[in-house]
Every structure is written in C-alpha cells, then in structure tokens.
Amino acid sequence: MDKPVTPRAAAPGPRRRDRHGRGMRGPIAPPQVPLAASRAEAFADLVQDSVERLERRWPQLADIDFLVLEVPRLDGPGEAWNDEAVPLGGTISAREGHPARVVVYRRPVEIRTKGRDERAALVHEIVVEQVAELLGLTPETVDPRYGEEQG
C-alpha cells in the first residue's frame, strides 16, 4: 500500500509567492520615480518650476514665499460664500517680519485642468498674475510670453 503524502507545512516567515506561483506584489514604482510622487507633490513641483522660470528675470522673487494650499478658506467669522468664482491663487503683502506670499490653490486648479501640460500652463499663468499684483506690474511685463501658451 502507498503511503499518503501530506502537504508540506508552510515555512514560518514571510511568503515568497502568492497562491498562483507568482511573486508577491510590491510597489508599482520605486520612490525616486515620478509615478510615486503624490498629486500634492507633483503640483508643488509645477509651482516651483514656474517660480524658477520667473526668478531668472526677476531675482527679487527670492524674497517672496510661494505656497500651495488645498483650497481657499474663509478668513473671518462673518464672511460667507458668494457667487463669485473660486479663486485659483492669491497674495499676502509683506508685514513686519513676514515676507510677501503668493498662494496657489491646488484643488480648484486640478478641477479646471485635464492633464499635466494644461495644469502646468494654468499654474504658470496664476503665478505670473499674482507676482504681477505684488510687484505692481502687468502680467505681460512679468512674463512677456504670458497668455501665449494657451493653445
């Protein structure tokens, strides 16, 4: 009579293969690959690219803080939403001990764009407009190519 074969006991420790004989699933891409960057990080990179592009022409931008916030917020308790469009960016003037700031709101920009190139163009347009407001100039003076990139 043949002896029945008993299945091997699973080895203690981590499994090396899934039940289909393939390797265990891992991350889709290593952390240094752009795919692994979050949407917020990728958006902040777009803002930084735009700022670096403008800093070559306007070195004084090094004294301005550029921020990315998820959405605009209401500042005062008495303020209410109105029928105006949601802002895509804003400025905060310099105050005692605090530099001037340019803010870009990520979610409203993402909602209005379809894809990275369109988003990058809109982010740059917002940054140019806000810098122009802070410097008291026209957007065309800040970036002579302002408005041309919309295809």
Side-chain angles (χ1 to χ4, degrees), residues 12-151:
R15 290 176 38 188
R16 299 281 183 234
R17 301 231 175 248
D18 68 7
R19 66 185 182 160
H20 301 289
R22 298 184 209 107
M24 295 300 288
R25 288 185 174 205
I28 294 175
Q32 64 272 18
V33 175
L35 180 64
S38 71
R39 287 183 3 202
E41 291 168 336
F43 191 88
D45 288 345
L46 293 178
V47 173
Q48 187 61 37
D49 292 345
S50 181
V51 171
E52 288 172 0
R53 195 165 131 191
L54 292 176
E55 276 182 338
R56 290 184 217 124
R57 184 177 167 110
W58 301 96
Q60 64 266 46
L61 295 185
D63 299 332
I64 298 174
D65 285 344
F66 290 85
L67 308 171
V68 174
L69 297 179
E70 289 290 308
V71 293
R73 62 184 179 94
L74 296 175
D75 289 324
E79 290 186 36
W81 291 104
N82 57 29
D83 291 337
E84 292 180 27
V86 174
L88 304 178
T91 59
I92 302 168
S93 299
R95 289 189 212 119
E96 52 198 65
H98 298 287
R101 294 178 176 174
V102 168
V103 181
V104 180
Y105 300 113
R106 180 174 74 88
R107 296 292 296 142
V109 171
E110 286 179 337
I111 289 168
R112 286 165 178 77
T113 55
K114 296 180 184 94
R116 189 179 191 285
D117 292 341
E118 190 177 328
R119 190 168 298 128
L122 182 56
V123 164
H124 185 67
E125 188 175 299
I126 293 164
V127 169
V128 168
E129 289 169 357
Q130 302 308 319
V131 166
E133 185 176 320
L134 273 179
L135 300 179
L137 303 169
T138 63
E140 293 80 8
T141 305
V142 172
D143 183 0
R145 295 183 352 199
Y146 173 78
E148 292 177 12
E149 296 166 287
Q150 306 299 343

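As the structure is a prediction and not an experimental result, all values here were calculated from the model.
- The distance from atom CD1 of I64 to atom CD of Q130, rounded to the nearest 0.5 Å, is 11.0 Å.
- Here the closest non-hydrogen pair linking D49 and R116 is OD2-NH2, 4.3 Å.
- Scanning all heavy atoms of the two residues, the minimum distance from V127 to S50 falls at CB-OG, 3.6 Å.
- Between V128 and P139 there is a side-chain heavy-atom pair separated by less than 4.5 Å.
- Note that CG of L54 is 10.5 Å distant from CD of Q60, once rounded to the nearest 0.5 Å.
- Two residues are said to be in side-chain contact when any heavy atoms from C-beta on lie closer than 4.5 Å; V109 and V123 meet this criterion.
- Residues E118 and T113 approach most closely at OE2-CA, 3.5 Å, considering heavy atoms.
- Counting only heavy atoms from C-beta outward, the side chains of R112 and V86 approach each other to under 4.5 Å.
- Put simply, the side chain of P108 reaches to within 4.5 Å of the side chain of P72, judged on heavy atoms.
- Here the closest heavy-atom approach between residue W58 and residue V142 is recorded as NE1-O, 2.8 Å.
- Rounded to the nearest 0.5 angstrom, I92 CD1 and D65 CG are separated by 9.5 Å.
- For the pair Y146 and E125, the minimum side-chain heavy-atom distance is below 4.5 Å.
- Contact detail for R101 and L67: the closest heavy-atom pair is CD-CD1, 3.7 Å.
- Salt bridge annotation for R56-E52: absent, with no cationic side-chain nitrogen under 4.0 angstrom from a carboxylate oxygen.
- Put simply, the side chain of V102 reaches to within 4.5 Å of the side chain of L134, judged on heavy atoms.
- Using a 4.5 Å cut-off on side-chain heavy atoms (C-beta onward), V103 and T91 make no contact.
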Quick one: do R53 and R145 satisfy side chain to side chain contact (heavy atoms under 4.5 Å, CB included)? Show the steps, please.
CA-CA 12 Å; R53 195 165 131 191; R145 295 183 352 199; 3.0 Å; yes
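- For the side chain to side chain contact (heavy atoms under 4.5 Å, CB included) with L122, the qualifying choice from V104, D117, L88 is L88, the only one to do so.
- Partners of E55 by side chain to side chain donor-acceptor pair (under 3.5 Å), not counting sequence neighbours: none found.
- R95 is linked by a side chain to side chain donor-acceptor pair (under 3.5 Å) to nothing, counting only residues two or more places apart in sequence or in another chain.
- Taking CZ of R106 as the reference point, atom CD1 of I111 lies at 10.0 Å (rounded to 0.5 Å).
- Counting heavy atoms from C-beta outward, K114 and R119 have side chains that stay 4.5 Å or more apart.
- The shortest heavy-atom contact between F43 and Y105 is CZ-O, 4.3 Å.
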